[in-house]
Structures are given as C-alpha cells and as structure tokens.
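The first residue in the sequence is number 1, and the count goes up from there.
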Amino acid sequence: MYNRVRDIVLLGSTGSIGTQTLDICKAQDIKPVALCANCNTRLLEQQAREFSPKAVCVGDDRYYSDIKQRLSDTDIKVLSGVEGLCEIAAIPCDMVVNAVVGMIGLRPTLKAIESGNRVALANKETLVTGGEIVTALAKEKQLPIIPIDSEHSAIFQSLMGNRGNAIEKILLTASGGPFYGYTREQLKTVTKTQALNHPNWTMGNKITIDSATMMNKGLELIEAVWLFDVPPEKIEILIHRQSILHSAVEFEDGAIIGQMGVPDMHIPIAFALSYPGRFTSDKKKLSLSEIGTLTFGKPDYDTFVCLSAAKKAIKQGGTACTVLNSANETAVGLFLQDKIPFYKIGELVISALSDVEHNIKPTLDNILDTEKATREYILSRI
Ligand code: MG
C-alpha cells in the first residue's frame, strides 16, 4: 500500500493538465520539486516564484536563455531540452506527473521509471509509441503507471478490487467531438475555429483537434491495450455524447463496472495523486437527475478515418503506432498553422501508415528513428 503523494515532479506544468495539477497541489499541500514547460517562459517563471521548485526545465532549447535570465535572482536550477527533462524526471520524488504534449514525453517517462519513480501519465504518446518497452520496464521495477487520461482513469478505477478476474471487454467512451454526425463531404469544409470548439471538455489545442478527428480515441485505444494488457478486439469504442460515463469494464459474468462524474479533468488528476485514497472536493458534483438521459452508440469508422487507422496500427504492432502518432502529430501541427485543411490530417496519416517502414519488435532507438522518418515523410508531402 502506498502513502499519499507529498512531492511531485511536474512535466508540462504550463499546459491544461499542468495548471490543474498545480491547483490540486496547492489545495492538498503537495510540493512540486521540479517544473517543466515547453516554451511558455512567462508562466513558468510565475509558477517557479510561487512554488519554489529545486529545478525548472524548458523542453525547447531556444527558450533556455530567456528562462535562465528570468530566474537569475533565484537559486533554482535551470535546464533545457530532452536531456533536461530526463534529468528532472529522475529527481527522487513520490510521483512524476508527465503532462507534456507529444512524443518528447517518452524518454522522460522511461527515465522516471528507471530511477524508481512512480509515474502518473497524461502524455498519451508515451504509451502509443513506447507502450511495449514502458510497460515492460514498469513491470520489472514493480511500479504502477497511473493514468490521468479520464477514460483510462475510469478503467483503472473500475478495476480496483477486481482481484484478478478476467476482463471480457473494455467499454471506451467517446464524446464524438464537434463533428459528430458529419459526413466525409462535410468534413472537407470545416474551419480551425470549429475544430477547436469541443462540446464537453476544455483542453489543449493538440488534443482538441485529435478529438475532432477522433484520432484521440484511436490513441486512447492503443493506450488501453498497453495499460490494461487487453487485445484491441476486446475494446469497444462507444459514442457517448454527454461524457458522463468515462469508461467501463465488462467482466465474464456480464457485469459492467464503470466510473461516472462531471467532465472535469480535476477528478482524474486528483485521483492519480490521492490513489489509492481520494481527496475531498468542493467542485460541482454530478447530478444524474439534472442530466436525465445518457445515450450510447457506435462510431462512424468510414467518416472518421483516423479511428480506423489507429485500429489498423495497433493490429500491425511494433513501430506502426509510432508512424501513426508521428504522422498525426506533424499533420495536426500543420493544420494549426493553417498549412493544410482539416480532412488532410487523416489522409496524411493513412498514407504514412502504408509508406513509412516500420518493424515489429522495436527498441527505443527504432522508435525515435521511425518518429523522425515519419515527420520528414509528412513534411515532404505538402
Ligand atoms: Mg481522454
């Protein structure tokens, strides 16, 4: 049994999950011993002054001198790049919360586990690209990986007290995003503003676009395969527009156990920090009588091609998921910079999956090489 978390290393402190994690740290008297942002040095400085961590890091090396200058009157250690991220992930602490965006999160996750730190994971790409090596290392070190993604937190919570009974099926819920019910034709003319307007959740830009293409659910399917050691055929994606049932597990006797709550990331973040206990919360709680109706349906795999691509990638295994993820990450970046239209994201992902070489039993180097090759492939196609 674990004790309550007293101190954390927070990777991705200026993003949506990061700032909410710091709210919880303040409320629960948890000390962030190190903070890391990608490039938002103004907010990182503010956080560093408020929480006085031992070290801060910027993921993007170009912002090193800026943050160094901003904190020059303090004795906070300043680091940068993936090396810096890995260094702070290894600081002994009760938990490393990894909430960075993108594949840059993989090496720090491995470093944290290698160093014997428990990891709470909001960085999907870590498991999508490195699922096999990350889960093997965590097993070897006998450390749990605690999911922060709301669906996986729900599955994790649904499995508490399960005592090893086999999982018949995982029910992975999806809101359907802002373009639910659209045809492929309609997706050709959607704008960035529409894509960034999620009906239920407030999140960072990358994940909001992934929700609009439904790639987010595809990445979550892959994440669930690794976290819960179930084959992809045993995961059913359910469209649930209200985002109240955050996911569920069906057992062999037909019983389904799920977790419900308001769609607010504070709940899964706080749970990761309080596990196996729970913190009290003064936030608005779920009123099922106010909600009235919960609906469930099947996803449209023909229109949301990213979802079908993710299913294909996890069946292929190995670095196919890295190709999928890297192609998507690059294409979403291009869409956010107005360089490609929305529907092109799916097209580029599909062509990368068939054209970029991938292998079956990857090492960390294979994964990083595949990531780079895929990024170059996508950039060469526009
Ligand atoms: Mg999610």
Side-chain angles (χ1 to χ4, degrees), residues 16-17 122 124 128 147-160 167-183 186-187 190 194-204 207-225 227-228 230 232-251 254-271 283-311 314:
S16 171
I17 300 287
K124 290 194 168 79
V128 169
I148 287 183
D149 208 341
S150 61
E151 293 79 0
H152 305 80
S153 176
I155 298 162
F156 188 88
Q157 293 180 58
S158 302
L159 288 168
M160 281 168 79
I167 296 172
E168 175 69 22
K169 196 159 76 175
I170 284 177
L171 304 174
L172 183 68
T173 53
S175 72
F179 303 136
Y180 170 73
Y182 278 45
T183 62
Q186 283 174 303
L187 285 185
V190 299
Q194 286 174 302
L196 284 172
N197 186 20
H198 195 279
N200 302 344
W201 296 93
T202 314
M203 307 174 288
I207 183 172
T208 304
I209 299 304
D210 285 347
S211 298
T213 60
M214 288 202 73
M215 178 59 98
N216 184 50
K217 210 48 56 180
L219 299 177
E220 289 182 354
L221 171 104
I222 299 169
E223 226 186 330
V225 165
L227 272 173
F228 306 109
V230 287
E233 310 79 62
K234 286 198 167 195
I235 302 174
E236 180 184 351
I237 297 172
L238 267 182
I239 299 289
H240 167 48
R241 293 293 284 158
Q242 300 81 18
S243 299
I244 296 297
L245 174 68
H246 297 305
S247 281
V249 178
E250 182 182 316
F251 294 99
I256 293 175
I257 310 279
Q259 183 251 323
M260 292 194 273
V262 289
D264 180 344
M265 284 308 293
H266 269 88
I267 300 174
I269 299 169
F271 180 74
K283 293 212 148 222
K284 188 174 186 296
K285 304 223 165 68
L286 176 64
S287 163
L288 282 173
S289 61
E290 256 171 51
I291 303 278
T293 310
L294 298 180
T295 59
F296 299 95
K298 288 191 165 85
D300 176 356
Y301 289 99
D302 293 331
T303 303
F304 293 92
V305 293
C306 286
L307 195 51
S308 323
K311 277 195 144 181
I314 186 68

Distance, nearest 0.5 Å, that separates [atom1] of [X] from [atom2] of [Y]:
X      : Y      : atom1 : atom2 : value
Leu227 : Glu151 : CG    : CD    : 12.0 Å
Ile291 : Ile244 : CD1   : CD1   : 3.5 Å
Ile167 : Leu159 : CD1   : CG    : 4.5 Å
Ile207 : Asn216 : CD1   : CG    : 4.5 Å
Ile237 : Leu307 : CD1   : CG    : 4.5 Å
Leu221 : Ile235 : CG    : CD1   : 4.5 Å

Keeping [X] on the side-chain end and [Y] on the backbone end, is there a donor-acceptor pair under 3.5 Å?
X      : Y      : answer
Thr173 : His246 : yes
Asn200 : Arg241 : yes
Ser308 : Tyr301 : yes
Gln242 : Thr295 : yes
His152 : Glu220 : yes
Asp300 : Thr303 : yes
Ser153 : Asp149 : no

* Asked: Should the ring pair His240 and Phe296 be called parallel, tilted or perpendicular, given that the plane angle runs from 0 to 90° and is split at 30 and 60?
  -> parallel
Which atom of [X] lies closest to which atom of [Y], heavy atoms considered:
X      : Y      : result
Ala195 : Ala212 : O-CB, 3.9 Å
Ser158 : Ser247 : OG-O, 4.3 Å
Thr208 : Gly204 : OG1-O, 2.6 Å
Ala174 : Met214 : CB-CE, 3.9 Å
Pro178 : Asn197 : CB-O, 3.4 Å
Gln259 : Ser150 : OE1-O, 4.4 Å

Residues passing the side-chain contact (heavy atoms from CB on, under 4.5 Å) test with Lys283, sequence neighbours excluded, are Asp264, His266, Ser281
Sorted by chain and number, sequence neighbours left out, side chain to side chain donor-acceptor pair (under 3.5 Å) with Glu290 holds for Lys284
Under a 4.5 Å cut-off applied to non-hydrogen side-chain atoms, are [X] and [Y] in contact?
X      : Y      : value
Lys217 : Cys306 : no
Leu294 : Met260 : yes
Gln194 : Phe179 : yes
Ile314 : Glu223 : no

